[in-house]
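Please read the structure below before turning to the comments.
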Amino acid sequence: MNDSTRDDSNGALSNLDLETPEKPYLDSNELIINMGPQHPATHGVLRVILKLDGEKVLDTECVIGYLHRGVEKIAENRTYTMFNPYVDRMDYVAAVSNGLGYCEAVEKLMNVEAPARANYIRVILTELNRIASHQLWLGTHALDIGAMTPLFYTFRDREEILKIFERYCGARLTTHAFRIGGCQYETYAGFEKDVENFLTFVAPKIDEYEELLTTNRIWIERTKNVGVISAADAIALGVTGPVLRASGVKWDLRKAQPYAAYSEFDFDIPTGTNGDTYDRYLVRMAEMRQSLRIIEQAVNGIPEGPIMAKVPKIIKPPVGEIYHSIEAPKGELGYFIVSDGSTQPYRLRVRPPSFVNLQALDTMVRGLLVADVVAVIGTIDIVLGEVDR
Amino acid sequence: MPDFIMSYLGIKDAVTPGAAGSQFWALVYVFIIFAGVSVAVMAMNWLERKALAHFQIRLGPMRVGPHGLLQPIADAIKLMLKEDIIPAEADQFVFWVAPLIGLLAAFTVYTVIPFGPSQAVSDMNIGILFMLGVSSLGVLGIVVAGWASNSHYPLIGALRSSAQMVSYEVAMGLAVVSAILMTSLNATGTGTLSMIGIVQAQQQQGVWFIFKFFPLGLIALGIFAIAMIAETNRAPFDMAEAESELTAGYHTEYSGLRWSLFMLAEYAAMIAVSSIAVALWLGGWMRPFPNLLNAPAWDFIFSLFPALTFFGLAAIAIIGVVRMPAHSFFKIQRIGLAAFAAVLGFIALLLLVIAVAGRSADGSVAARFREGIDYVYWFVFKVAVFMYLFIWYRATWPRYRFDQLMKIGWKVMLPISLVVLIATAIVGVLVS
Amino acid sequence: MNPALNSGLNSAVNAGMAPVATPWFFYVLAGLAVISGLLVITRRNAVHSALALIVTLLAVTGLYLMLYAPFVAAVQIFVYAGGIMLLFLFVIMLVNIERSSKDRQFNRMWPVGLAAACALLALFVSAFVKGKALFPDRMISLPESSNTQQIAGMLYGEAGKMGEYTFAFEIASLLLLVAILGAVIMTKKKI
Amino acid sequence: MVPITTFHYLVVAAALFVLGVIGVLTRRNVVIVLMSIELILNAVNLNLVAFSRMWGNLHGQVFSIFVTVDAAAEAAVGLGILIAFFRNKETINVDEIDLLKW
């Protein structure tokens with residue numbers, strides 16, 4: 001390769017050893033390539049600098065920030081209510097979860113409890129969104145590995161969820177479904193019916209995805225023992241969500257620190273054993289089924305009552321700080337809010353699951369091939385809007 | 001030259017232009033095949049997009065022409081009008097010449113493809129070797145394109161694809177040899193490498209080589225069928241242009257006409273390797289069951305198939321016309337599709353007339369003509385089945401990883417094909 | 001094999017032979033071969049040289065076909081153009097050519113080399129001029145259709161007999177095996 | 001037009017041979033030197049096949065196949081050596097390959 005050692009990446013950003021070291025035996029194949037920010041498989045604008053020996057990955061470095069909008073700084077200049085829609089723009093494929101985390105954090109700061117009915121609506125919408133998020137993950141992940149067709153199947157079925165969102169709150173993607181203290185909207189007539197229809201509609205569809213992939217030889221060969229991360233490593237890196245559970249750690253905030261109405265439902269936490277890409281796939285597929293179970297219970301047991309707690313018109317939480325986290329589809333989504341008693345947060349910090357999970361990329365892909373990097377980026381399930389905020 | 005015309009009108013024995021030594025007719029044939037392949041590639045382009053779309057619950061192209069029938073033409077015009085970008089750091093000359101290498105290799109192969117016992121440009125004595133050799137030249141175009149782009153992704157794509165093609169050529173060659181071995185199972189014990197000769201050997205032995213020494217022929221075809229996907233860089237072995245990994249592989253830096261030449265070469269190569277498979281194992285131009293159902297009545301029935309196919313296509317088009325929404329918006333589309341149906345129906349009628357007029361195998365002009373159409377029809381039909389399989393694979397399977405692909409090539413396919421080859425030889429010796 | 005020696009100079013137009021091989025083709029192919037051969041040794045960029053060499057090889061293949069040696073032609077395409085040249089291109093990409101194409105292209109001894117080559121050329125010319133009369137001026141028509149079978153007979157033997165070159169053929173396969181092993185060991189980073 | 005005789009082929013082969021020799025003797029780039037060797041072998045092949053035609057037997061063609069085998073072996077080993085050398089010395093110029101030890 002004629003310019004294999006020429007550094008065309010941004011040297012200032014990179015702490016990789018980009019110069020070929022002086023050694024008696026020259027590795028003529030060492031190659032540094034930029035994967036992204038414009039690349040079909042980096043899910044947006046992630047840039048990964050890969051140091052390759054032939055096709056083997058020797059070292060990686062993620063360069064992020066191409067989608068940075070300063071969400072946390074914006075929060076300092078907006079009232080608590082005004083900031084609520086902004087959180088939807090972080091993980092835009094799971095906007096409902098983001099909203100839930102933020103609303104609950106502020107409620108906790110203000111010592112307000114959302115009413116039971118509001119909590120049930122929250123659970124239903126959040127779990128629907130979890131399914132939507134996992135479906136989108138499955139489609140793009142399969143596309144990264146080369147299976148085109150699942151993408152279209154999952155998008156077809158995700159559409160049904162988005163339709164329910166649209167009927168409920170008028171928006172499909174950035175829903176802004178919840179308010180501090182409860183929900184803005186009462187469920188529309190036929191909401192339960194819609195959700196139940198969806199449950200019967202989507203269960204066979206999940207089987208359909210599994211039929212295409214789970215026992216597919218190529219899929220297994222591409223994902224088994226690829227991107228393995230041990231439980232200890234995963235915990236040390238702060239990895240959460242399906243990625244952690246696939247390594248065999250039974251940690252799910254819905255069970256560990258129940259919020260909303262999750263303590264009232266009966267569901268399992270699927271875990272894997274090997275912590276490889278295939279296990280993460282299986283865990284997410286199982287999670288979709290568990291979400292269906294939760295939604296079914298919630299729809300059947302939804303109580304009557306108010307949907308909004310008593311919240312003052314102008315939200316002024318007392319001085320103090322709070323950290324509240326929920327189990328978003330991608331892992332632990334935490335909000336740390338410092339209040340100085342004014343109408344605006346003094347400081348707001350988000351713990352985005354994608355950002356933390358992305359740390360594990362290097363551990364997972366070292367020694368694998370370029371094609372596996374793509375598979376592993378897909379399996380971590382990052383959304384760049386959330387990584388960069 | 002007049003002799004040659006006569007040979008096609010059935011007055012003299014039909015031979016290929018190569019055997020007749022007519023440069024003029026060879027040239028005419030070359031042009032016919034070039035045009036035919038180009039049209040086939042366009043049709044394949046449309047079909048692939050449509051079939052893939054229907055696999056994936058989409059509609060595919062619908063805007064340009066009724067059901068997107070004119071989409072390939074629109075694409076071709078677009079690609080020709082696009083700016084042809086040559087990167088500043090690229091090696092200009094090599095960048096320019098690389099697509100042509102691939103295209104030349106893909107099209108040269110067609111000189112020996114036997115569409116019928118005399119429907120080929122030339123019956124080369126070393127036909128199958130020539131085909132494999134020339135089609136393996138296509139990889140040079142890919143390697144050189146990847147190098148000339150002077151960019152990382154194309155280079156990796158080029159290296160991948162060349163390694164892949166070279167490795168799969170081995171298994172492919174061994175599978176082909178086992179088919180060639182089967183041609184030598186006759187009274188004289190001499191086999192042949194000529195494509196026409198191979199099909200004729202199947203005719204003489206009264207069995208397609210896929211069923212010969214069951215399951216040896218079948219396994220050999222299986223190996224060839226897998227290797228040919230790898231040879232043409234198609235899913236699930238489309239490592240060279242793996243979109244999610246290498247953006248577009250070796251043609252990342254190409255645009256416009258030059259890019260379309262790569263696509264043309266790829267599709268032409270697909271048709272070419274499918275033709276090899278058809279000629280070697282699936283009886284080439286022969287109709288199904290030529291030895292079991294050999295009464296003249298069966299001949300007649302099978303000779304109706306071309307007409308029936310076109311009637312079927314016309315019927316599908318007419319259904320499309322009927323189902324088109326009754327809105328003035330669709331008026332032109334409806335007329336277009338109806339006209340298309342009419343053309344298909346007319347071709348079908350023509351074929352029907354020929355089939356009926358030439359039903360007696362008495363060597364008359366009409367009979368010769370009918371036979372020619374039958375040969376070409378069955379050959380193209382079998383190739384079309386393979387082309388559909390290509391689309392099907394692409395819709396169904398994820399992509400292999402590069403090392404897995406090499407592992408399959410060297411550790412699975414090569415041993416199996418060696419065993420098949422040896423077994424074929426042993427069984428052949430025992431039988432004869 | 002046709003031992004008949006009666007075919008004269010114009011045997012290309014023999015009965016049963018396709019009269020495709022006209023002098024015109026010969027001159028085109030020969031010119032192509034020599035010109036691209038010249039390009040091979042003069043280009044700065046090794047990839048250009050390799051492409052020129054491919055053209056030479058294909059032109060020589062055409063000459064083989066004109067000499068009614070289809071099997072040799074097929075081997076030429078297969079092994080040379082398809083295999084060896086791919087190997088060359090691979091290696092050119094692996095080694096750093098950008099620098100070497102800016103270097104001095106000819107070694108310091110080039111006048112000596114050129115002189116030696118010219119002397120060789122002179123030798124050839126004198127041999128051809130003097131020996132032309134010694135050559136039997138004929139082209140015996142070989143049956144193209146059985147060319148491959150006959151070569152196979154000489155290499156593998158026919159009718160239970162060992163062929164003339166069977167032993168040499170086996171040795172050649174051994175040579176290839178050794179070459180494969182050698183190349184693999186040579187290119188491995190750590191043995 | 002003058003009919004094509006064996007002599008014509010010999011002239012072409014001689015030209016290719018001399019070109020190959022010039023390449024081997026004057027170029028610095030090892031890859032091009034190896035390519036020139038291929039050119040020489042091809043010229044020999046052409047001669048062999050032409051003579052085979054002249055004498056009306058196939059020994060020449062069989063020999064040319066052996067030469068092709070030889071060329072393949074030579075290219076594989078030669079390029080292998082080249083790569084090994086390039087790894088160690090980072091050069092592919094013949095006149096820099098002048099040390100038996102480094």
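Lettering of chains follows the sequences in order, A, B, ..., and the numbering in each one begins at 1.
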Is it the backbone or the side chain of [X] that comes under 4.5 Å from a heavy atom of chain C, or both, or neither?
| X | value |
| --- | --- |
| B/Val134 | both |
| B/Val166 | side chain |
| B/Leu129 | both |
| B/Ile101 | side chain |

Could you tell me which non-hydrogen atom of [X] sits nearest to which non-hydrogen atom of [Y], and how far apart they are?
| X | Y | answer |
| --- | --- | --- |
| B/Leu140 | C/Ala81 | CD1-O, 3.6 Å |
| C/Pro70 | B/Asn125 | CG-ND2, 3.7 Å |
| C/Phe90 | B/Ser162 | CE1-OG, 3.0 Å |

| task | Sort by residue number and list every member of residues 48-56 of chain C having a non-hydrogen atom under 4.5 Å from chain B. | result | C/His48, C/Leu51, C/Ile54
| Which of residues 72-79 of chain C have a heavy atom under 4.5 Å from any heavy atom of chain B? | C/Ala74, C/Ile77, C/Phe78
| request: Using salt bridge (charged side-chain N to carboxylate O under 4.0 Å, His left out) as the criterion, list what pairs up with B/Arg258, not counting sequence neighbours. | output: B/Asp84
| Can you tell me if CZ on C/Phe128 sees more than 12 non-hydrogen neighbours from other groups inside 6.0 Å? | yes
Would you tabulate the side-chain donor-acceptor contacts of residues 57-65 of chain C under 3.5 Å, counting partners in other chains and residues two or more places apart, or write 'none'?
unit_1	atom_1	unit_2	atom_2	d
C/Thr61	OG1	C/Leu57	O	2.7

| query | Hey, does B/Trp147 have a side-chain heavy atom less than 4.5 Å from the side chain of C/Val47? | reply | yes
